Amino acid sequence: MLDLRFVRSNPEIVKEALQKRNSSLSLDDFLKQEENRRKILFDVEKLKAQRNSVSDEVGCRKKNGEDAQDLIQEMRKVGEEIKALERQLRKVEEEMEKVLYEIPNVPHESVPVGVDESGNVEVRAWGTPRQFDFEPLPHYEIGEKLDILDFNRAGKVTGARFSFYKGLGAKLERALISFMLDKHTEKGYLEVFPPFMVHRNSMIGTGQLPKFEEDAFKIEGTEYFLIPTAEVPVTNLYREEIIDAEKLPIYHCAYSACFRAEAGSAGRDTRGLIRQHQFNKVELVKFSLPENSYDELEKLTRDAESSLQELELPYRVMNLSTGDLGFSAAKTYDLEVWLPSFNTYREISSCSNFEDFQARRASIRFRREPKGKPEYLHTLNGSGLAIGRTLAAILENYQEEDGRVRVPKALIPYMGVEYIG
RNA sequence: GGAGAGAUGGCCGAGUUGGUUGAAGGCGCUCGCCUGGAAAGCGAGUACAUGGGGUUGACCUGUGUCGAGGGUUCGAAUCCCUCUCUCUCCGCCA
């Protein structure tokens with residue numbers, strides 16, 4: 001969320017940001033309400049000040065055994081007025097809060113302006129897509145032929161967009177999780193294993209709620225949500241805390257299962273592992289000083305890229321345009337891996353700087369000096385990487401004509417075999 | 001799930017016949033004195049949010065905050081209600 005005072009004193013910046021994001025949100029009503037809010041607040045505080053001083057006098061008189069009935073009568077009326085004004089104030093604040101929580105982050109100046117993903121800009125590419133001298137199969141066909149992926153039985157047991165991994169398929173999934181956690185831990189990310197469910201306030205903290213409730217799975221009969229990414233519990237790890245500046249930056253990596261309702265994606269990527277209701281992911285999360293967060297974003301992106309490089313999977317890095325940028329992000333690099341059966345690059349990681357947008361929502365602050373004023377820190381995160389899509393990319397990029405799949409060199413120690421099949 | 005106890009400032013911990021308690025005391029921290037230096041000792045200072053004024057984050061001032069929300073009252077950390085979390089015991093379970 002944006003700082004209310006920032007919105008108040010820089011309405012033109014916010015309006016421009018909304019426009020760049022093709023948002024229809026109108027700010028003018030909001031600004032009028034803010035003016036109104038401050039007026040009511042001013043009035044109510046004046047009355048409270050009066051009540052406080054008169055109440056002191058009542059106490060004084062009673063102590064001296066004097067009568068204070070006249071003051072009490074008078075204050076009874078003031079009390080009524082205060083209550084009425086507070087009701088008004090609460091109503092205005094509730095309405096404003098709704099809007100404030102739905103204003104997206106202001107894109108960084110280096111973000112290209114665009115209407116949708118077609119406005120994304122390629123920053124760099126790595127590796128060369130392999131030339132096949134046979135027709136490469138899609139990963140779901142490879143997986144089913146090798147009997148390491150089973151979508152049909154998952155449909156029977158649970159439903160569409162779920163899958164079973166079997167044998168070396170299950171082992172490959174597990175190997176990728178271990179591999180990535182090991183690599184990132186070596187780079188200085190502290191591993192955490194988070195809860196897979198969080199309460200509503202954590203979802204609000206990272207920006208999934210209130211706007212995108214239909215995308216989340218909620219546990220019926222509770223206030224818990226299944227996490228759509230480890231970003232949610234790990235970023236909220238320090239919610240409502242004030243961190244010493246010398247502890248920053250903090251780097252965490254976390255494996256978690258991720259659960260997404262995929263509302264509105266009917267008909268898209270219905271086959272295979274690309275778009276599932278449940279998938280595994282290793283996530284990188286950073287807490288940074290504000291002045292360093294864009295350097296940290298570059299490093300974070302490189303760290304996510306290194307996993308693809310070690311697995312020798314071709315990819316490209318895209319700077320997302322204002323039309324494709326996520327709600328909470330100020331800037332995002334997507335890593336897109338080459339998928340032969342799609343004959344294109346597909347998103348496998350998303351690395352974002354949220355600046356203080358999430359930190360303000362979750363109240364995560366830091367102190368530069370022991371007696372300094374707390375400031376909001378900057379949060380960042382990126383997939384390092386989405387495991388299911390990585391597995392799909394390995395199956396497709398490493399497939400052989402005889403139907404087997406070669407195991408990437410980096411994974412052989414984890415797999416114990418050189419081929420699947 | 002059942003029974004009980006509790007939640008106060010960075011930490012520990014007073015305060016439960018409602019009225020100079022934003023909150024005693026201690027620890028920690030910051031600055032100063034002392035010292036060749038350090039420790040000890042002494043002195044001073046040590047919350048956050050928000051409204052208004054202003055030399056527009058020097059400063060002055062109002063309001064709110066003693067787990068969260070609501071209520072009673074002229075006035076609530078103190079009384080009432082609801083919720084959350086923590087601890088102990090029992091039950092259950094991986």
Side-chain angles (χ1 to χ4, degrees), chain A residues 1-11 30-98 100-101 193-205 209 218-219 221-225 233 236-248 257 290-291 356 359-377:
Chain A
M1 124 177 99
L2 300 179
D3 183 2
L4 178 56
R5 279 174 302 183
F6 173 81
V7 178
R8 186 203 300 154
S9 45
N10 302 282
F30 181 78
L31 293 169
K32 248 180 250 163
Q33 276 182 314
E34 165 63 1
E35 223 173 287
N36 187 231
R37 184 195 136 251
R38 281 195 290 170
K39 189 184 161 293
I40 299 171
L41 192 60
F42 184 76
D43 291 344
V44 93
E45 284 183 355
K46 230 169 32 188
L47 289 176
K48 280 185 178 174
Q50 188 195 350
R51 181 177 71 181
N52 285 345
S53 68
V54 173
S55 289
D56 277 352
E57 203 185 326
V58 171
C60 242
R61 282 203 202 169
K62 290 215 164 173
K63 205 183 271 176
N64 298 335
E66 295 167 32
D67 178 69
Q69 217 35 50
D70 53 327
L71 294 179
I72 289 173
Q73 283 301 329
E74 193 187 328
M75 282 307 103
R76 209 168 273 168
K77 245 188 282 169
V78 171
E80 295 299 319
E81 277 179 69
I82 289 174
K83 263 184 201 164
L85 282 176
E86 281 190 326
R87 263 193 295 272
Q88 267 186 57
L89 189 64
R90 215 175 304 157
K91 206 175 138 214
V92 173
E93 281 175 341
E94 271 169 23
E95 283 170 23
M96 288 182 64
E97 192 170 83
K98 254 184 233 162
L100 198 57
Y101 274 111
F193 189 89
F196 290 2
M197 296 182 214
V198 295
H199 58 52
R200 178 173 291 273
N201 283 340
S202 291
M203 291 286 275
I204 291 173
L209 295 183
K218 189 173 174 206
I219 310 294
T222 73
E223 274 299 308
Y224 295 137
F225 292 83
N236 279 285
L237 193 55
Y238 303 107
R239 63 177 295 116
E240 289 148 42
E241 291 191 28
I242 300 171
I243 296 166
D244 294 338
E246 71 246 29
K247 297 222 171 91
L248 298 175
E291 59 269 32
D356 63 6
R360 183 171 293 108
R361 287 177 162 237
S363 189
I364 310 170
R365 293 176 293 177
F366 74 99
R367 237 191 267 275
R368 292 183 191 273
E369 304 292 332
K371 287 290 140 202
K373 222 175 154 48
E375 300 170 51
Y376 291 110
L377 47 70

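The model shown is predicted, which means the values in this text are computed figures rather than measured ones. Every chain is numbered from 1 and lettered A, B, ... according to where its sequence line falls, protein lines coming before strand lines.
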J.: When the nearest nucleotide of RNA chain B is assigned to A/Leu41 and to A/Ser53 on a heavy-atom basis, which residue is associated with the more 5' position?
T.: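 Its nucleotide being nearer the 5' end, the pick is A/Leu41.
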J.: Do A/Leu100 and A/Phe30 make a side-chain contact, defined as non-hydrogen atoms from C-beta onward lying under 4.5 Å apart?
T.: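 Side-chain contact under 4.5 Å: yes.
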J.: Rounding to the closest angstrom, what is the interatomic distance between B/rA44 and B/rA49 at atom P?
T.: 28 Å
J.: Taking B/rU65 as the reference, what is the distance to B/rA23 when you measure between their P atoms (whole Å, please)?
T.: 14 Å
J.: If you check every side-chain atom of A/Lys48, which of B/rC48, B/rG51, B/rG64 has the closest atom?
T.: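 Nearest listed nucleotide: B/rG64.
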J.: Taking only the side-chain heavy atoms of A/Arg365 (C-beta and beyond), determine which of B/rC48, B/rU63, B/rU50 contains the nearest atom.
T.: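 Nearest to the side-chain atoms of A/Arg365, counting from C-beta on, is B/rC48.
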J.: For the pair made of CG in A/Asp70 and P in B/rC74, what is the distance, rounded to whole Å?
T.: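 It works out to 14 Å between those atoms.
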J.: Rounded to whole angstrom units, what separation is found between the CD atom of A/Glu86 and the C1' atom of B/rU65?
T.: 13 Å
J.: Which value, in whole Å, describes the distance between the P atoms of nucleotides B/rC80 and B/rU17?
T.: 11 Å
J.: B/rA76 C1' sits how many Å from A/Asp56 CG, rounded?
T.: 14 Å
J.: Rounding to an integer number of Å, can you tell me how far A/Leu71 CG sits from B/rG19 P?
T.: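 One finds 19 Å between P of B/rG19 and CG of A/Leu71, rounded.
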J.: Does some side-chain heavy atom of A/Arg200 sit less than 4.5 Å from a side-chain heavy atom of A/Lys218?
T.: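 Contact flag for A/Lys218/A/Arg200 side chains = yes.
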J.: Between B/rG13 and B/rU21, how far apart are the P atoms? Round to whole Å, please.
T.: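 Straight-line distance between the two P atoms is 23 Å.
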J.: So, is A/Arg5 close to the B/rA49 phosphate, meaning a side-chain N or O under 4.0 Å from OP1 or OP2?
T.: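 For A/Arg5, the contact criterion (side-chain N or O under 4.0 Å from OP1 or OP2 of B/rA49) is not met.
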J.: Going by purine N1 to pyrimidine N3 plus the second Watson-Crick contact, or the G-U wobble pair, all under 3.5 Å, which nucleotide sits opposite B/rC92?
T.: none
J.: Starting at the 5' end of RNA chain B, which residue's closest nucleotide do you reach first, A/Cys60 or A/Asp3?
T.: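 Comparing both residues, the 5'-ward one is A/Cys60.
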J.: Can you tell me the distance, in whole Å, between the CG atom of A/Leu47 and the P atom of B/rG51?
T.: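 A/Leu47 atom CG is separated from B/rG51 atom P by 18 Å.
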J.: Under 3.5 Å for both donor-acceptor distances, Watson-Crick or wobble: does B/rU16 have a partner, and if so which one?
T.: none
J.: Does B/rG69 pair with anything, Watson-Crick or G-U wobble, both distances under 3.5 Å, and if so, with which nucleotide?
T.: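 Here B/rG69 is engaged in a pair, and the nucleotide opposite it is B/rC81.
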J.: Answer yes or no: is there a side-chain heavy-atom contact under 4.5 Å between A/Ile40 and A/Val92?
T.: yes
J.: Could you please name the partner base of B/rC42, counting Watson-Crick and G-U wobble pairs only when both distances are under 3.5 Å?
T.: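 Per the H-bond distance test, B/rG32.
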J.: Base, sugar-phosphate, or nothing: which does A/Arg200 touch, judged by heavy atoms less than 4.0 Å apart?
T.: nothing
J.: Below 4.0 angstrom, N of the basic side chain to O of the carboxylate: do A/Arg368 and A/Glu291 qualify?
T.: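 Salt bridge present between A/Arg368 and A/Glu291.
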J.: Taking atom C1' in both B/rU16 and B/rA94, what distance in whole Å separates the two?
T.: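 Going atom to atom, C1' in each nucleotide, I get 43 Å.
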J.: Considering only atom C1', compute the distance from B/rA24 to B/rG9 and round it to an integer number of Å.
T.: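 Per the computed distance, 13 Å lies between those C1' atoms.
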J.: Using a cut-off of strictly less than 4.0 Å, decide whether A/Lys83 has a side-chain nitrogen or oxygen near OP1 or OP2 of B/rU72.
T.: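 Checking A/Lys83 against B/rU72: at least one side-chain N or O falls below 4.0 Å of OP1 or OP2.
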J.: B/rU50 pairs with which nucleotide, Watson-Crick or G-U wobble, both distances below 3.5 Å?
T.: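 The answer is B/rG62, by the H-bond criterion.
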J.: Roughly how far apart are A/Glu34 CD and A/Arg8 CZ, rounded to 0.5 Å?
T.: 4.5 Å
J.: With a 4.0 Å limit, can you tell me whether A/Arg367 has a side-chain N or O closer than that to the phosphate oxygens OP1/OP2 of B/rC48?
T.: yes
J.: Is the number of heavy atoms from other residues, nucleotides or ligands under 6.0 Å of A/Phe196 CZ greater than 12?
T.: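 It does: A/Phe196 CZ has more than 12 such atoms within range.
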J.: Could you tell me whether the side chain of A/Arg61 reaches within less than 4.5 Å of the side chain of A/Val58, counting heavy atoms only?
T.: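 When only atoms from C-beta onward are counted, A/Arg61 and A/Val58 do not touch, as no gap falls below 4.5 Å.
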J.: Taking only the P atom of each, what is the distance from B/rU73 to B/rU63 in whole angstrom?
T.: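 Per the computed distance, 22 Å lies between those P atoms.
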J.: Hey, is the side chain of A/Asn52 poking within less than 4.0 Å of OP1 or OP2 on B/rG75, counting only N and O atoms?
T.: no
J.: Both distances under 3.5 Å, Watson-Crick or G-U wobble: report the partner of B/rG57, or none.
T.: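 Check on B/rG57: unpaired, no WC or wobble geometry under 3.5 Å.
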J.: Roughly how many Å is it from CZ in A/Arg239 to C1' in B/rC85, rounded to a whole number?
T.: 14 Å
J.: Tell me: NE2 of A/His199 to C1' of B/rU84, nearest whole Å?
T.: 9 Å
J.: Sticking with atom C1', work out how far B/rG62 lies from B/rG2, rounded to a whole angstrom.
T.: 49 Å
J.: How is A/Val54 classified with respect to the nucleic acid when contacts are heavy atoms under 4.0 Å: base, sugar-phosphate, or nothing?
T.: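 Since no nucleic acid heavy atom lies under 4.0 Å of A/Val54, the category is nothing.
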J.: Between A/Arg76 and B/rC74, does any side-chain N or O lie under 4.0 Å from OP1 or OP2?
T.: yes
J.: Which one, B/rC74, B/rG52, B/rU63, comes nearest to the side chain of A/Met75?
T.: B/rC74
J.: What is the distance from CG of A/Asn201 to P of B/rU84, rounded to the nearest Å?
T.: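 Distance, rounded to whole Å: 13 Å.
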J.: Considering only distance and modelled atom types, tabulate donor-acceptor pairs under 3.5 Å from the side chains of residues 71-91 of chain A, sequence neighbours left out.
T.:
residue : atom : partner : partner atom : Å
A/Glu86 : OE2  : A/Lys48 : NZ           : 2.7

J.: Between B/rG69 and A/Arg90, is there an OP1 or OP2 to side-chain N/O distance shorter than 4.0 Å?
T.: no
J.: Only pairs with both distances under 3.5 Å count, Watson-Crick or wobble alike; so what is the partner of B/rG9 in this structure?
T.: none
J.: Under a 3.5 Å limit for both distances, which nucleotide forms a Watson-Crick or G-U wobble pair with B/rC87, could you say?
T.: B/rG4
J.: Which is true for A/Lys62 with a 4.0 Å heavy-atom rule: it touches a base, it touches only sugar-phosphate, or it touches nothing?
T.: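 Here A/Lys62 touches the bases of the nucleic acid.
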